[in-house]
Peer 1: 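Starting off with a structure, shown below.
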Amino acid sequence: IVDYQRPSSSVVPAPAPAVVAAPAPAVLAAPAPAGGAATCVGGPALWGDCSARHCCGDGATCYEKDAHFAQCRQSCTPGTHDDDELKYRIPWSCHVLTPAVRR
């Protein structure tokens, strides 16, 4: 039995275990679909607006930002993008759109 009221040279209480916070899960970029991107003749090129056609002309992937905008990109990370203009800085859903997918 250790009396913590009186100091003792022979008994030293063990320190409390350190509490370590778990790291936050990483948000990964959405890769292009396994079957390859939906390409379309005359479709928008990289960084072009693919909202209407849901495909890209250069092999990029059409990623949805929201119900009103989608863009041909190499990859997409869900959430806000610092490279968006402030007035357009709303989260990206990064859903992959194809001509067969109409949201």
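This structure is a prediction, so every number in the text was calculated from the model and none was measured.
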Peer 1: Taking the side chain from T80 and the backbone from I90, do they hold a donor-acceptor pair closer than 3.5 Å?
Peer 2: no
Peer 1: For the Cys pair C55 and C62, is the SG-SG distance shorter than 2.5 Å?
Peer 2: no
Peer 1: Kindly compute the distance separating SG (C72) from CG (D58), expressed to the nearest 0.5 Å.
Peer 2: 6.5 Å
Peer 1: Calculate, to the nearest 0.5 Å, the distance between atoms NZ and CG belonging to K65 and D84 respectively.
Peer 2: 3.5 Å
Peer 1: What are the two closest heavy atoms between D83 and R73, and how far apart are they?
Peer 2: OD2-NH2, 4.5 Å
Peer 1: Looking at side-chain heavy atoms only, is the closest gap between Y63 and L97 below 4.5 Å?
Peer 2: no
Peer 1: With a 4.5 Å cut-off on side-chain heavy atoms, are W92 and F69 touching?
Peer 2: yes
Peer 1: Hey, is the main chain of P44 close enough, under 3.5 Å, to the side chain of R53 for a donor-acceptor pair?
Peer 2: no
Peer 1: Has D49 got a side-chain atom pairing as donor or acceptor with Q71's backbone, closer than 3.5 angstrom?
Peer 2: no
Peer 1: If you measure from the SG of C94 to the SG of C76, is it under 2.5 Å?
Peer 2: yes
